[in-house]
Amino acid sequence: MCKKPGLVVFDLDYTLWPFWVDTHVDPPFQKNSDGLIRDRNGQTVKLYPEVPAVLEQLHKEGIPIAAASRTGEIRGATQLLDLFGLKHYFSHTEIYPGSKVTHFQRLCQQTRTPLSQMLFFDDESRNIYDVSKLGTWRCVTCVLVPNGMNLALLSHGLEAFARS
Ligand SMILES: [Mg+2]
């Protein structure tokens with residue numbers, strides 16, 4: 001059996017959903033009787049389509065999941081995780097502005113998972129760059145997300161981690 005990560009960490013904006021929660025939509029959000037989630041202006045908000053399947057696969061494999069987001073819209077992002085029915089997948093959420101170095105340092109402390117056991121998905125290369133410099137010679141396995149999270153990218157990430 002191949003080596004599995006001890007923690008998989010996801011960015012939120014443009015990784016799990018196709019917008020910046022502090023810019024492109026207007027919180028608070030609500031779930032309507034049609035099952036759709038809308039912002040204050042009635043604009044529908046959606047996840048990237050394969051995100052629930054990605055989280056479910058990790059959950060089934062018993063791999064803990066965390067979120068690390070630099071958004072200033074902490075309440076809106078947290079509310080979306082809840083409304084999308086994803087909250088129970090995340091053992092930890094680190095959502096606040098600043099460098100993702102801080103997010104990962106806190107994840108390390110709180111989960112007691114070494115950086116070398118973490119797999120990280122993010123759409124922004126500057127975050128990947130910051131996080132990949134953490135640690136000494138055994139670091140976080142980082143995967144750039146070009147068009148939203150999907151199952152193929154999850155497989156790619158898990159394979160990259162297994163080789164690390
Ligand atoms: Mg992002």
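Order of listing sets the numbers, starting from 1, for every ligand and every atom in it.
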Q: Is Lys4 positioned over the aromatic face of Phe161, cation under 6.0 angstrom from the ring centre and no more than 45 degrees off axis?
A: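 Lys4 over Phe161 ring: no.
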Q: Going by atom types only, do Glu124 and Tyr129 share a side-chain donor-acceptor pair under 3.5 Å?
A: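 Side-chain D/A pair, Glu124 to Tyr129: absent.
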Q: Between the side chains of Arg38 and Asp34, is the shortest nitrogen-to-carboxylate-oxygen separation below 4.0 Å, so that they form an ion pair?
A: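 Answer for the salt bridge query: yes.
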Q: For the Mg ion (ligand 1), report each protein N, O or S atom nearer than 2.8 Å, sorted by chain and then by residue number.
A: Asp11 OD2, Asp13 O, Asp123 OD1
Q: Cation-pi between Arg106 and Tyr96: NZ/CZ under 6.0 Å from ring centre and within 45° of the ring axis?
A: yes
Q: Flag the pair Asp11 and Arg70 as a salt bridge only when some basic side-chain nitrogen lies within less than 4.0 angstrom of an acidic carboxylate oxygen.
A: no
Q: Name all residues meeting the side-chain hydrogen bond (donor to acceptor under 3.5 Å, both in side chains) criterion together with Asn147; count only those two or more places apart in sequence or in a different chain, and write none if there are none.
A: none
